[in-house]
Amino acid sequence: MSIVQLLIRCIFSFHLGVVHAALALLVRVLHSQRIASSCLNMGGADLILALPDKCHFSGNSGIVTLALRRMLEDEPTLQTMMETDTRSQVSKPWKKQRRGSSSATEQVKANMKPFMQAVAPIICRDPTIFLKAIASSAKIEAKGSETSSLVSSRDPHIVLLSTEERAKNAKNLSSQFASHSTSSSVPTKTGKKLSQEETTKQSRSSTRGRSKSPHRLKREKPEEVMDSAPAKTSKKHFQLNGSPPNHVVSLLLNEVMKSSTQITPRTKPFLSTFDYLDTLSDLVLAIPACGAVIHRFESPSSITINNALTGCPSPPQTAVSFLLHKLVPQERLNPQLLKAIGTKIDIEAEKKYAYDKSRTSQAAARLTVCLVARSGEGRRRVISELLFALGCGHCLFEDDPKNGTPTVQEVDEEYEMQALLSWGELCIGLAAPRSNSNANQDSNSTLSFEIVRLMLDHGVAHAIVKAIERIHLHHPRASTVASS
């Protein structure tokens, strides 16, 4: 682990060129799962996310995302990723070659040589795990007939397995590895005899050696001290906040909330708010446990999440509510507000500020879509909170039975219209993820029936009616918001 400690010290130097080189080398070192988990336990993720602004360089978010992903990848996740890459590397060239002429009963296969060239990087990650992945997802076909005129047909091919074959092979692999682990853990009688013989041989060889003089003992004392020093320091491990996914995702969400609530944004931070959101989206797609951590995350007590629509009840104090009510409906650039705060910015700074706001809104919407892409209880929670926001909490400007008058507060029309527009577009994107500007929006092929059913169960029709009631008809964007 000395190489990891050296890289962490290089990153801690805060020099721009050294940090860039150290992070790039660290990503290569983290190929091994054992080294990646040790780096996380030594505080590597905390150190990377705490780098100062002067360490910013072009492309830093991609390197940080890849490093964090490798720190969180365990053996089942890595095997699933390898199985997905194996199937994609076989099916993509097959679809190109058999475009329009493939049948349902035909086996999907690819030539062995280009396949091995494509999967060589993931083989280097862990050959044993790749062997499990390839055994449970594909098989090697022997050479074809020599009478064929095509050279590629006479080469060995890799063929994808059917669903039944994959389940059968996965069951056989798990049973074989389980029996192998139990047999290796139980000691045999011969093993005991061998261990006793080895101990006796070692004791004899030690007695045959020369007796150590006081001078030799003095020379060996410093070496013993140097050997014992790392043992003392290795006992002090970095304390993680729960599981590794919980620790890393909590760090990222805290940074998102901290950076998004700043009144005067920094000119060029090491990682901006949309960089953190993009990193979270990639981690949710790669590691299923990260999505569950986002749903369990509780916002700090110093941050209160209010409804984006005035006069509506407050949403649940969760990370998804923070995305929907704070980040997705980003307000437009207001130069008068910036001047009132006292910031001195020029036109380029105003453009950059507007760009950061729009990128943050897009990144927050992408993270919401990634959370819905994972089936299960998390998908239902996101749909429920989205329709709660769109339906104005099912309680907007109603008569208070005590006072008899509606509780109306000061209304920010621009922010409300942007919030309704963003939520409407997000509902359309979730319900019809395969639609585009050229496709027919009314076609059933563009719909996701599972998400549509969830929306109907949570009252999407009632939420749309409530949202239409909140549209300010005198606003220039009223027609655009109503059509969304």
For this session: Would you check if D457 and R453 make a side-chain contact, meaning some heavy-atom pair closer than 4.5 Å?
Result: yes

For this session: Mind running side-chain contact (heavy atoms from CB on, under 4.5 Å) on L309 and Y415 for me, showing each step along the way?
Result: CA-CA 8 Å; L309 303 179; Y415 191 75; over 6 Å; no

Exercise. Is there a donor-acceptor pair under 3.5 Å between the side chain of H325 and the backbone N or O of S321?
Worked result: no

For this session: Say whether T65 and T279, considering side chains only, have a donor N or O and an acceptor N or O under 3.5 Å apart.
Result: yes

For this session: Can you measure from SG (C392) to CD (E416) and round to the nearest 0.5 angstrom?
Result: 8.5 Å

Exercise. When you look at C312 and R470, which way does the side-chain contact (heavy atoms from CB on, under 4.5 Å) test go after all the steps?
Worked result: CA-CA 11 Å; C312 296; R470 290 302 298 262; 3.3 Å; yes

Problem set entry | Separation between CE of M116 and NZ of K113, rounded to the nearest 0.5 Å | 12.5 Å

Problem set entry | Under 3.5 Å side-chain donor-acceptor pair for D74 and T77 | yes

Seminar exercise, completed: Residue pairs passing the side-chain hydrogen bond (donor to acceptor under 3.5 Å, both in side chains) test with at least one member in residues 362-380, sequence neighbours excluded, are D282-R366, E377-R380

For this session: With salt bridge (Lys or Arg N to Asp or Glu O under 4.0 Å) as the test, would you mind laying out the steps for D278 and R359 before giving the verdict?
Result: CA-CA 10 Å; D278 288 338; R359 280 285 290 112; 3.0 Å; yes

For this session: For S299, enumerate each residue passing the side chain to side chain contact (heavy atoms under 4.5 Å, CB included) test, keeping only those at least two apart in sequence or located in another chain.
Result: M257, I305, Q317

Exercise. How many angstroms lie between atom CG of L78 and atom CZ of R70, to the nearest 0.5 angstrom?
Worked result: 9.5 Å

Exercise. Considering residues, nucleotides and ligands other than E298, do more than 12 of their heavy atoms fall under 6.0 Å from its CD?
Worked result: no

Problem set entry | Side chains of M81 and R69 in contact at under 4.5 Å (non-hydrogen atoms) | yes

For this session: Report yes if some heavy atom in the side chain of L30 is under 4.5 Å from a heavy atom in the side chain of C39; otherwise report no.
Result: yes

For this session: Any chance you could lay out the side-chain contact (heavy atoms from CB on, under 4.5 Å) test for I158 and I134, step after step, and finish with the verdict?
Result: CA-CA 10 Å; I158 183 156; I134 197 69; 3.5 Å; yes

For this session: Compute whether any side-chain donor of one residue and acceptor of the other, for H20 and N60, lie under 3.5 angstrom apart.
Result: no

For this session: Would you mind reporting whether E385 and L324 have side-chain heavy atoms less than 4.5 Å apart?
Result: yes

For this session: State, yes or no, whether a side-chain contact exists between F270 and D275 at a heavy-atom distance under 4.5 Å.
Result: no

For this session: Check whether any side-chain heavy atom of V452 sits under 4.5 Å from a side-chain heavy atom of V460, and report yes or no.
Result: no

For this session: Answer whether the closest heavy-atom distance between the side chains of E255 and L271 falls below 4.5 Å.
Result: no

Exercise. Are a donor atom and an acceptor atom from the side chains of S259 and T273 found within less than 3.5 Å of each other?
Worked result: yes

For this session: Starting from the C-alpha separation in whole Å, work towards a yes-or-no answer on salt bridge (Lys or Arg N to Asp or Glu O under 4.0 Å) for E83 and K132.
Result: CA-CA 9 Å; E83 291 177 1; K132 296 180 184 179; over 6 Å; no

Exercise. Considering only heavy atoms from C-beta outward, does the side chain of Q33 approach that of E75 to under 4.5 Å?
Worked result: yes

Problem set entry | Check against side-chain contact (heavy atoms from CB on, under 4.5 Å), T318 and I294 | CA-CA 8 Å; T318 60; I294 293 177; over 6 Å; no

